[in-house]
Each structure stands twice: as C-alpha cells, then as structure tokens.
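So the structure is just underneath, and the comments pick up after that.
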Amino acid sequence: MKILIIEDEEGLREALIRSLNGEGYLADGAADGEEGYSMICTGLYDLVLLDIMLPVFDGMEVLRRIRSQGIDVPVIMLTARSTVEDKVSGMDLGADDYLTKPFAMPELLARIRMVSRRGSGGTVDNRLKTGDLILDPQTYTLFCTGSDRSVRLGAKEYQLMEYFMRNASQILSREQITQRVWGYESDAEYNNVDVYVSFLRKKIKFVQSGSKISSVRGVGYELEVSAT
Ligand code: CA
C-alpha cells in the first residue's frame, strides 16, 4: 500500500516516512498543500495523511479540491488543533478519520489499517482478496483459494502484486508501475518491471492460481483474475 504524507514539519514528515516504510508501506512526502494536491492527482496513492496547517494552501483546501473532483482516496487528517469545529469541518469535507498531534505510532498504524479496510471492501482481516488470489500484508505471503500452497514474496514483489490486485483487469503501464513501486526519484529501468513480473508469474503459477498477468504489447501489464 502506498501512502502520501502531506506535512510541512520536515522532522515529523521524515520520521513518519521512515516508520511507515519500516512497517512495509511505501511512503512519500509532500511539504505543502499544492505539492500534496498534485501528487494525490497522480492516482498513485492508496491513503493520504493530511496535515491541516500547511503552506501555499491548507489541508482543508486540499481535501475540498480532491473531493470536488471525485477523488475518493481515504484521508486521515493530522493536526495540532483539537477543537471540535475543526474535526467537524474536516469530516464534512470528506475526511475518513482524524488524529490529533502528538500521536503515538501504534495509534496511527491502527487508524491506517481501519481506514484502508473500510476503503477497499476487498479485504478479509488484513488480507487483500482478488479473484482466487489472497495476499497477506503481515507475512508478504500469496495464497490461492482452493490450493494449499503458499509462497512468500520479496518486498518489491509484494508491492507490485498488491498494485496489480488493487487494479485487477486494468492495464497498468510500465511507467505507472515503475513510479508506483520504485518511486519518482528511482533510477529503476523499465526492464525491472519485466523482471519482477516474471517472478510474480512463477509464484502465481506455483500457488496453482488460475489468474495471470498478461502482457499488453507496447503498454504494460494487466492482472486477469480467475474466480477459482
Ligand atoms: Ca503544519
């Protein structure tokens, strides 16, 4: 799962990125409302942690803009303010949850799990289920319903598999996949994608799934899911 942290306090932003990466999430940061807003618009993020007091324009404005465009990414507001009015107006604008600074990391992780579960609808416990494929984020293990085989995925394999499963039956370009899994500033080549897709194909076959990752010539890949 890829998380965007929009927070202007650099120390807090960097600490959150480190902690979330340590928990197996992919985390990026933005330092002001404008940068954060344009990063959300890329569609690369599954969840946004949004500070209210931000330079350029504030968190409420970010939320107002994305919701008015129909972008329904789950948003958890982070703020030093704790007044009831702020909480109410954030919720009115379409925030999914609200956390008052300072907060403890386990509290934030619990909120992230809760909000992401609510958003996807496709998870059982914390597991992501698409067609006959089941992915466990705690153990990075891929399962297939009706098969007793399972296989552990590496960190990048896991992030790539999760991206495919959350966007099943959609064509994902090599560029989208590279940005999503390796990040904007990575010098990963497009052929990394091909290499990792070949690893995942072997693992999908190993767990005896009927789902497959198809190549779309000149564009990228698509996960075709099988129900059984
Ligand atoms: Ca702030």
Side-chain angles (χ1 to χ4, degrees), residues 1-120 123 126 137 155 159 162-163 166 176 178-188:
M1 191 163 89
K2 198 166 173 79
I3 299 178
L4 177 63
I5 300 148
I6 309 177
E7 166 63 64
D8 59 322
E9 286 167 51
E10 190 181 358
L12 177 58
R13 187 176 66 243
E14 295 304 320
L16 286 171
I17 291 173
R18 271 197 307 278
S19 302
L20 291 173
N21 285 338
E23 295 290 328
Y25 296 106
L26 286 172
D28 288 334
D32 64 61
E34 189 175 35
E35 184 188 17
Y37 168 71
S38 61
M39 287 174 79
I40 294 171
C41 290
T42 61
L44 289 169
Y45 298 95
D46 304 303
L47 189 136
V48 177
L49 304 182
L50 179 60
D51 186 27
I52 291 186
M53 299 294 281
L54 288 169
V56 190
F57 49 81
D58 70 11
M60 294 294 190
E61 180 60 22
V62 172
L63 192 57
R64 190 177 297 117
R65 288 187 185 203
I66 63 169
R67 293 303 189 234
S68 72
Q69 288 181 36
I71 298 172
D72 61 358
V73 63
V75 172
I76 300 175
M77 306 291 283
L78 304 178
T79 185
R81 297 182 190 171
S82 57
T83 64
V84 176
E85 298 87 78
D86 283 335
K87 179 168 182 170
V88 169
S89 54
M91 293 304 206
D92 279 351
L93 285 172
D96 296 85
D97 207 343
Y98 200 98
L99 206 51
T100 304
K101 290 189 265 187
F103 50 82
M105 206 54 202
E107 169 83 42
L108 176 62
L109 292 172
R111 301 290 183 98
I112 289 172
R113 280 194 294 272
M114 202 170 68
V115 167
S116 62
R117 248 199 317 268
R118 207 187 292 154
S120 70
T123 52
N126 275 329
Q159 297 295 349
E162 188 198 26
Y163 189 38
R166 287 187 187 275
Q176 281 176 309
T178 303
Q179 279 189 357
R180 162 75 192 217
V181 178
W182 282 272
Y184 281 106
E185 278 140 45
S186 92
D187 35 10

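This is a predicted model, so every value here is computed, not measured. This chain uses plain numbering: 1 for the first residue, then up along the sequence. One-based numbering, in listed order, for ligands and for the atoms of each.
Figure legend: Arg65 and Phe57 shown as a cation-pi pair, the cationic atom lying under 6.0 angstrom from the six-membered ring centre and within 45 degrees of its axis.
With values rounded to the nearest 0.5 angstrom, Leu99 atom CG is found 6.0 Å from Leu108 atom CG.
The residues Asp51 and Arg13 are annotated as not salt-bridged, no charged nitrogen and carboxylate oxygen being separated by less than 4.0 angstrom.
If you run side-chain contact (heavy atoms from CB on, under 4.5 Å) between Leu49 and each of Ile6, Ile5, Asp97, Val75, only Ile5 comes through.
With a 4.5 Å cut-off on side-chain heavy atoms, Ile71 and Tyr37 do not count as touching.
Protein N/O/S atoms found under 3.0 Å from the Ca ion (ligand 1): Asp8 OD1, Asp51 OD2, Met53 O.
A donor and an acceptor atom, one from each side chain of Tyr25 and Asp46, are nowhere located under 3.5 Å apart.
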